[in-house]
Amino acid sequence: MKFDIMRDRLLAGLNDVMKAVSSKTTIPILTGIKIDVTHEGLHLTGSDADITIQTFIPVEENGEQLINVSATGSIVLQARMFNEIVRKLPTNDVEIEVSAGFATNIRSGKSEFHLIGLDASEYPLLPEVAADRQFSMPADLLKSVIRETVFAVATSESRPVLTGVNWKILDNELICVATDSHRLARRKIQLEQLPAEINSVVIPGKSLNELNKILEDTTDLVQIALTNYHVLFKTDDVLFFSRLLEGNYPDTSRLIPEEYKTNVTINGKALLQAIDRASLLAREDRNNVVRFETLENNTVEISSNSPEIGKVEEQISVENLEGEALKISFSAKYMMEALRAIDGQDVIIQFTGTMRPFILRSIHDDAILQLILPVRTY
Amino acid sequence: MGKIHIMDEWLSNKIAAGEVVERPASVVKELVENAIDAGATTIEVFLEEAGLSFIQVVDNGSGMSEEDALKSFARHATSKIEKEQDLFRIRTLGFRGEALASISSVCKMTMKTSDGQDGAELYIEGGHIKSQQPAALRQGTDITVAQLFYNTPARLKYLKTVQTELGHSIDLINRLALGNPHIAFKLVHNGQVQLQTNGRGQVQQVLAAIYGAHNAKKMFAFKGETNDYKVHGFATLPELTRASKNYISVFVNGRWVKHYLVQKAVVDAFHTYLPIERYPIAALFIEGDPQLTDVNVHPAKHQIRLSKETELLQLVEQTIRDSVREVVRVPLAAKPKKLEKLPSEQMNIWKPAPTFNEDKMAAIVNRLNENKLEPAPLRGEPVQIKESTPPLIMEQPVVEEQTTQLLVEEPVMDAPLPKEENAPFPQLEIIGQIHGTYIVAQMEDGFYLIDQHAAQERIKYEYYREKVGEVDANERQTLLLPLTFHYSADEALRLMEHQQGLQEVGIYLEPFGQNSFVVREHPTWFPKGFEQEIIEELIEQVLTTRKADVKKLREEAAIMMSCKKSIKANYYLTKEQMDQLLNDLREAENPFTCPHGRPVLIHFSTYELEKMFKRVM
């Protein structure tokens, strides 16, 4: 195997692939990156057995020669080391040559590295994903869908299925739900040409976070293909595989209350900032709780109290306040994350009582819905 | 008349008593040791108020004639050594000839003794014989010490509570009983039996009497020898630990001694098998030519000097370590309930009811045999605990076919032990993962829970342990300002002698004035800012062990590296990753504990599962 490549392009490809490589793994070869060179181009593959990312760099792009392939072949190189080397090479031309016994030479300018590679045939194969059961959405939409849901997944493996985001298709709508059993984030998206037979899959939150880092904010379509065990996100030059979580995702539709006793329409940004301030004192108290109280004259009060430190009170005027008076306590963290996910000016908060879950949504529709369970205070 | 005069004997005895007779336990010690030296096979000790008001030691040893009895109270009167050379081959526990004289000077003592032919009963108060009469001709000696320290109020005042003093006496008799399994000991305090051994020569039975049968069952035997020393004994499996090193008893030629380095060797043998600050219960017997040992260090004879010490320490550590490695198994999830129920049996006119103690012991030892001989919670069937072990008609243990006698001398050692270096690691079939932390795997004999972090930590530790030792002593950083080290004259001399060891790890000491050294460069692997400490530590190693061991020094670093580089809890693993992990673990030298001594895997046997679900009762 022997080829010349533009360093910048190689580095860009490596950057994406590195996201899948974990320094902690029980399978040693997965600390490496697989490099495949064909006459069409260069494939880089990284994996932690959970996520597999493959990038493709074509030989030629827009009439520009990116790679000069002298001999095809494959090799696995230590990911961190290879990445650092490429990053620090002196010129933009890199020559990589593999000779007998997986000995790999990397040359650039007058610098020459000799690395000991691993047998590429030992590297795990990519999961097979059939072409049916697939749909597509623009990259920027996919990114916002991820951003609006993934923060709510559980971080503890004690209920593994909750560490992922549940995607299901119902009536030509893609519904994405994440919950850690204290709060819930739901996003509904109208898409065309959705396959009918996908019931429900659970994509690990960690995978979606990595995917979000790789995707660019463009309107290019991302192909999404599902099997029973894997999901594949496909852009022009990146294949992103993730395993799916096993187990049944709990039915969350019944958790969302249907009637509300108190409705508050409020400026999301003002509320976010007020809670952020109140949580300064709440943070000392380990559970990070703030109080929310409706007052007369379209005002609400945000307060927090930490016995050793002191207390804070802040009144905010709201656009609209109707229904029963209410005092409620909740986690400042959950509230701020929910408010950040609803990226609009005004939000509606609907309560059904001090001890009942409440929801937040945009005033326009319920495409984004956040549900939070209050904290019981005595 | 000059100012200087010779003290009267009574006074000098009282002074000597200050050294030897510290507390009631010291009296017990001296008297019981005399009984042991007299060849007794049963020794009974009766105490009241922890011995302050009453100590009685009754033995069936050789006893004394009237003439001997009278002499025995004189200072430096002994039957144990005669010539100067005898001092260098002491086989008896006592030899100084001071005990009786000292004790009798601080109490009211009655001695009844007879050698079978002739005997005497003496009453001594404060060192003076007050009355004398002939005694019954029962061979042996019966000494009663009443009102100890009645004439030394200062000593009396500084005694601790009854519980503390009794504790000292019990501890002492425990050790003496362990050291002399052939003697039947009985300790009675205020009418309550505190300890009773049967004198059958079985160390395990004594251990069972002292620490309970439950704990004695969890002990394994070890044995080893060099040209000069033989060591053998018992220690607990790593699953049973104590918070104090006190439970490690060391005996040199039957004498219980306190020897820090030997004790340390025992603890070191358990390194990485036990959690930090936990220690085994162990009884270690060292036998060697009395000429190699010097007990004439302190009147209390707790301390001992050993020749060829390094060799002995190595032997102790190696022997125990090898045995630990052989026997270490996966801890059982829940100990099956002990079935200590005594067999009930209709009494027979021809076969009188068995006396409680002896046969209970026998049953315990027999069970011990069975447990040990079935080498495998891991490999074989779950440990079968016999519902009832009939006394007298014992079942032959399954494996031990050649055994014809019920109570074999040190049964475990006679049993063929598997030849593998390590206890075999089970061949496991993975079922899944729990809470992203534990791997569940099964095999025929039940299932296992494996802590994924601990497992990988062990694998990485064994890798890094070697790695950290591989430092290049020739890559050295020169220092702008040299480091200076000051040592005492004797240490400096020894350092000069063992310079070689330090040079091997890249430290070159240059003499710098009297007893001081400078170091102008140090190997590059030294962590920044800790150069001085590391050099001091290496020098300390050289001074104590004559060898600088970088591996040992950097072990902590290895443990830390292995911990950091390992997958954590709450981390999802795919099937392939779990497979790989268990395969690597199987290769590990000690796959059963992590470097901090915590268990890597826990076993739930089919039997226990059945018990839990009441499928078997």
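Throughout, protein chains are lettered first and strands after them, A, B, ... in sequence-line order, and every chain is numbered starting at 1.
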*Asks:* Heavy-atom distances under 4.5 Å only: say whether A:Pro28 touches chain B with side chain, backbone, both or neither.
*Replies:* side chain
*Asks:* For B:Arg554, check salt bridge (charged side-chain N to carboxylate O under 4.0 Å, His left out) against everything at least two apart and list the hits.
*Replies:* none
*Asks:* Using a 6.0 Å cut-off, check whether atom CD of B:Glu556 has over 12 heavy atoms from anything other than its own residue.
*Replies:* no
*Asks:* Tell me which donor-acceptor pairs, judged by distance alone and kept under 3.5 Å, run between chain B and chain A, one pair per line.
*Replies:*
{"from": "B:Gln456", "atom 1": "NE2", "to": "A:Thr25", "atom 2": "O", "distance (Å)": "3.2"}
{"from": "B:Asn570", "atom 1": "OD1", "to": "A:Glu157", "atom 2": "N", "distance (Å)": "2.4"}
{"from": "B:Asn570", "atom 1": "ND2", "to": "A:Thr155", "atom 2": "O", "distance (Å)": "3.0"}
{"from": "B:Tyr571", "atom 1": "OH", "to": "A:Lys24", "atom 2": "O", "distance (Å)": "3.3"}
{"from": "B:Tyr572", "atom 1": "OH", "to": "A:Arg243", "atom 2": "NH1", "distance (Å)": "3.3"}
{"from": "B:Gln577", "atom 1": "O", "to": "A:Thr26", "atom 2": "OG1", "distance (Å)": "2.7"}

*Asks:* Do you know which of B:Ile459, B:Ile567, B:Ile434 has the most heavy-atom pairs with chain A at a distance under 4.5 angstrom?
*Replies:* B:Ile567
*Asks:* Identify which of B:Ala455, B:Ala569, B:Gly436 forms the greatest number of heavy-atom pairs closer than 4.5 Å to chain A.
*Replies:* B:Gly436
